Protein chains: 2
Amino acid sequence: MSTESNLRQAIIDSATELFMKQGYTATSIKQIANAAGCKTSSMYYYFEGGKSDILGAVIQSLSFDMKHVFDDREFETLSDFLHYYAEIVSEIMPRMNRRISWLAPEFRKLSEKELAHIQNQFLDMHDSFEQRFKALMSDDAAANELAWIVTCAYLGYGNIFFTIQMRNREDYSLTDFGHSLARFLGASNA
Amino acid sequence: MSTESNLRQAIIDSATELFMKQGYTATSIKQIANAAGCKTSSMYYYFEGGKSDILGAVIQSLSFDMKHVFDDREFETLSDFLHYYAEIVSEIMPRMNRRISWLAPEFRKLSEKELAHIQNQFLDMHDSFEQRFKALMSDDAAANELAWIVTCAYLGYGNIFFTIQMRNREDYSLTDFGHSLARFLGASNA
DNA sequence: GTCTATAGTCCGATAGAC
DNA sequence: GTCTATCGGACTATAGAC
């Protein structure tokens, strides 16, 4: 079917998995080669720039697909949407967070293009909220602000409870968090 | 005055700075030694376990001191407190975020004790909010929820705008964010 | 306590056979 | 395209002089 290289994709997939587990610096090209089923020298055929070229390819392959999740749904109130979103995001975010948390210490090394690619994932999340909120609130500026609050709140939850692995207090699930948010912010629409 | 070792503290300080700049894995013990003004072999006198022992010492030295900032202030409403906090946190959080963001990919390597030490920093932030909110709201359970929302929201802002270095849209400052939060959540008290 | 010297390992990368 | 073989360098850690 496809004439695209299997090995190239195998390298990207293996590298993605290893970077998520160990971080970029802690992962050696030998580990990537082993996981991809080839020798380190073979990787230089597809990635002339070596390890950093692989990093670039991995970043370009990251995509979160936030928007399409509720493109076909309509909501009557802000509260309805936020409660519905609380359920949806509980499924999506753990994976999303796992995919990018290892990147934080590497930002200094990234090219403009790679950095912009990651940033756009966050902007997409904000814009996805903003578009919804504008349909449910009369004040466009307020919809923009609220979209930032919700984005920051959810990504902060991800930061604390996934990245930091904070589990030693009574459980406070992502779903619980979402519904709390809906309750407090939903009132602002009235 | 103090009979404590100067070199030991110099190693911790140098390591802290380098870890913040480059991350733990990317920092070599030679770099730490150079910055501390000694040789790598000397570090093994104070840190028998080598590099990972230094990491432990650095983590133990991290402290954010959130509470005392407004221990002597009283607020009449939730909104008053959140608006005041918006200003305070703008000064504190950039430094706080810089101090811990490099740690994220290292959590797998940490001991129970070191992990708990970091987690307690977040719990302290939440508890600091919760205590305030209980004095300003009638519902204790709601105060707890709101404290999580605010904590997650602020640490999410830090994640996005400091760690991710997202600056390519129109400015949305930490102070702006705080006041937006105060406006939306302050209404919940009425 | 701090040093010099060095052991031993792993790293990223390249040359060249097939 | 993928391999074997190998280079020079950087790394963590240790031994032992002072």
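Numbered from 1 within each chain, the chains take letters A, B, ... in sequence-line order. Just so you know, these numbers come straight off a predicted model, no measurement behind them.
If you check distances only, the side chain of A/Ser41 does reach the base of D/dT4 with a donor-acceptor pair under 3.5 Å.
For A/Ser42 and D/dC3, the shortest distance from a side-chain N or O to OP1 or OP2 is below 4.0 Å.
Separating the CG atom of B/Leu7 from the C1' atom of C/dC3 is a distance of 12 Å, rounded to the nearest angstrom. Rounded to whole Å, atom C1' of D/dT2 lies 13 Å from atom CE of A/Met43. Note: CZ (A/Phe47) to P (D/dT2) measures 12 Å, nearest angstrom. B/Lys30 has its NZ atom 15 Å from the P atom of D/dA13, to the nearest Å. As rounded to whole Å, 19 Å separates atom P of D/dA13 from atom OH of B/Tyr45. Whole-Å rounding puts the B/Tyr44 OH to C/dT4 P distance at 16 Å. Atoms CZ (B/Arg8) and C1' (C/dT2) sit 17 Å apart, rounded to a whole Å. The interatomic distance linking A/Ile29 (CD1) with D/dG9 (P) rounds to 17 Å, in whole Å.
Residues B/Ser90 and B/Thr175 have side chains that bring a donor and an acceptor to within less than 3.5 angstrom of each other.
Both tests do not hold together for A/Arg98 against A/Phe162: distance to the six-membered ring centre under 6.0 Å, angle to the ring axis within 45°. B/Tyr24 carries B/Lys51 over the face of its six-membered ring, with the cationic atom under 6.0 Å from the centre and within 45° of the normal.
Candidate nucleotides D/dC3, D/dT12, C/dG12 were compared by shortest atom distance to the side chain of A/Lys39, and D/dC3 ranks first. Out of C/dA13, C/dT2, D/dT2, the shortest distance to the side chain of B/Tyr46 is found at C/dT2.
Here B/Ser52 lies out of heavy-atom contact (under 4.0 Å) with every strand.
Judged by distance alone, with hydrogens and angles left aside, the side-chain atoms of B/Glu91 form no donor-acceptor pair with the main-chain N or O of B/Ile88 at under 3.5 Å.
When the nearest nucleotides of DNA chain C are assigned to B/Cys38 and A/Gly50 by heavy-atom distance, the more 5′-ward of the two goes with B/Cys38. Heavy-atom distances to DNA chain C give each of A/Glu48 and A/Gln31 a nearest nucleotide, and the one nearer the 5′ end belongs to A/Gln31.
Looking only at side-chain heavy atoms (C-beta outward), A/Phe81 and A/Phe129 come within less than 4.5 Å of each other.
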